[in-house]
Protein chains: 2
Amino acid sequence: MLDVAILGLLMDRDHHGYEIRSQLRERLGDSESVSFGSIYPALARLERHGLVEAVAPAAPRSPAISTGSLAGERASLRTLRTSAGLGRRSRKVYRITERGRQEFHALLADPTTVDDGRTFSLRVALARYLTPALRVRLLERRRQDLLERLAEVRQGADNPDLDAYARSVMSHAAHSVELDLEWIDDLLSIERSDSETFAQEAK
Amino acid sequence: MLDVAILGLLMDRDHHGYEIRSQLRERLGDSESVSFGSIYPALARLERHGLVEAVAPAAPRSPAISTGSLAGERASLRTLRTSAGLGRRSRKVYRITERGRQEFHALLADPTTVDDGRTFSLRVALARYLTPALRVRLLERRRQDLLERLAEVRQGADNPDLDAYARSVMSHAAHSVELDLEWIDDLLSIERSDSETFAQEAK
DNA sequence: GTCATCATGTAAGCCGTTACATGATTGC
DNA sequence: GCAATCATGTAACGGCTTACATGATGAC
């Protein structure tokens, strides 16, 4: 799922690795920060697979004429790692490729992966890249899972075998799932009113 | 954290591996079930470390006199794997040892591990095994972390750069954290009123 | 007699972490 | 000149999953 998240951020604009960590929290709502030891290898892998590419950032002074020499190689690497005059140096900025965009859409819509809370939130945060029909499918699937979970934790909350602390955990879990369900129902009703507004989507 | 969870279940009563998975959900509120491929190796490891031991379940007919022979070894294994006449067979039932109890308390109270939502819930579910002071420490730590997270997601919810879906994720995350905080504050006020009721705890 | 459920276990591998190594830039 | 922050990367390792292999019991 890290791959979808990174590709999702790059759909918006170019990023360098260090930045991606904070963006994951700020834009995609990721609660436990992923470590750099995950991010850099992931970017390298995505680059090897041709889904992203390193770019020379904006305002390229001395446009890096390739001389074919070793010196030229080093120079272009330096250019690659030089930022847009904003002070910082030695950044490696990545851009998503066309293949990356295709892969992103495929991963985001993949019906075989079962969502937990984290991946579901990630997908909703990127839901503008899904079709209305895929959004509804995503939401309804999660809704079904949460209804089952709700029945389970409600039973736990009423279980007299459990002590007060364990019951409290169960009852809080129930409230938490209820809140999630309200959220999903809100999102679903928005999807439905939208599709009424422009009565055009294929049934 | 699987170790604490398993040991926590065994603090209550003996369990066999297959049962532990369901108990994790039903009694400890674990939302994503851990697989058997995790549980059995964990039990084997705990047994190697002497924290749990396999027991011959109740009503041990033919008390398994050790003959030293290979046949005897097999027989005692069979006894070990025979359940308390409740139909089921070939279960391996585990009991926590004294060292296991010590280790359990140490792990549960360990101040060096930072809790995420999952481990925090687990610890609260097992909070009856903590002293009042340790419970308060656990709750207050988590409270602090959540306050920081709340500030972050509230900013995200107000960020006009984000589209409606991403903002919705942030705003739901905020509500979710608020619910968690209410829960924690409830638990804290209970802890405090309890310690007033029996005004005895060392300050 | 065969299917669903209960039950244990192993092996391969994924995905992520921590710890380490390196170095540039900014502010004091 | 030194510390804090920004920035990239590697290596070792940990924990958990999936898939596989095996087998007993109870229900139909």
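Because the structure is predicted, anything quoted here is derived from the model rather than measured. Excluded from the calculations below are hydrogen atoms, water molecules and symmetry mates; all remaining heavy atoms, backbone and side chain alike, are included. In what follows, chains are A, B, ... by sequence order, proteins preceding strands, each numbered from 1.
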Table of protein N/O atoms under 3.5 Å from nucleotides 12-17 of chain D N/O atoms:
unit_1: D/dT17; atom_1: OP2; unit_2: B/S35; atom_2: N; d: 3.0
unit_1: D/dT17; atom_1: OP2; unit_2: B/S35; atom_2: OG; d: 2.9
unit_1: D/dT17; atom_1: OP2; unit_2: B/S38; atom_2: OG; d: 2.8

Taking atom C1' of C/dC20 as reference, at what distance in whole Å does atom OH of A/Y40 sit?
15 Å

Can you tell me how far P of C/dC15 sits from CG of A/D30, to the nearest Å?
16 Å

Spacing of B/R21 atom CZ relative to C/dT5 atom P, expressed in whole Å:
13 Å

Take atom CD in B/Q155; do more than 12 heavy atoms of anything else shown fall under 6.0 Å from it?
no

Distance in angstrom units between B/H15 NE2 and C/dT8 P, rounded
13 Å

Measure the distance from OH on B/Y18 to C1' on D/dA24 and round it to the nearest whole Å.
13 Å

Say whether B/W183 and A/S168, considering side chains only, have a donor N or O and an acceptor N or O under 3.5 Å apart.
yes

I'd like to know if A/E19 pairs up with A/R13 as an ion pair, taking the criterion as any Lys NZ or Arg NE/NH1/NH2 lying under 4.0 Å from an Asp or Glu carboxylate oxygen.
yes

Listed in order of residue number, which residues of residues 3-13 of chain B have a non-hydrogen atom at under 4.0 Å from DNA chain C?
none

CZ on B/R142 to CG on B/L187, rounded to 0.5 Å:
12.5 Å

Shortest non-hydrogen contact between A/E152 and A/R149, atoms and distance
OE1-NH1, 2.8 Å

Could you state the atom-to-atom distance from CG of A/L24 to P of C/dT17 in whole Å?
10 Å

Please give, in whole Å, the distance from D/dC6 C1' to A/Q23 CD?
15 Å

Mind listing the side-chain donor-acceptor pairs of residues 102-112 of chain A below 3.5 Å, one per line with the distance, residues two or more places apart or on another chain?
unit_1: A/H105; atom_1: ND1; unit_2: A/R101; atom_2: O; d: 3.1
unit_1: A/D110; atom_1: OD1; unit_2: A/T112; atom_2: N; d: 3.0
unit_1: A/D110; atom_1: OD1; unit_2: A/T112; atom_2: OG1; d: 2.9
unit_1: A/D110; atom_1: OD2; unit_2: A/T112; atom_2: OG1; d: 3.0

For A/R48 and D/dT10, give me the distance from atom CZ to atom C1', rounded to whole Å.
13 Å

Nearest non-hydrogen partners of B/V136 and B/E191, listed with the distance:
CG2-CB, 4.0 Å

Per the side-chain contact (heavy atoms from CB on, under 4.5 Å) rule, which among A/L9, A/L28, A/D12 passes with A/Q23?
A/L9

Cation-pi check, A/R21 onto A/F36 ring (under 6.0 Å, within 45° of axis):
yes

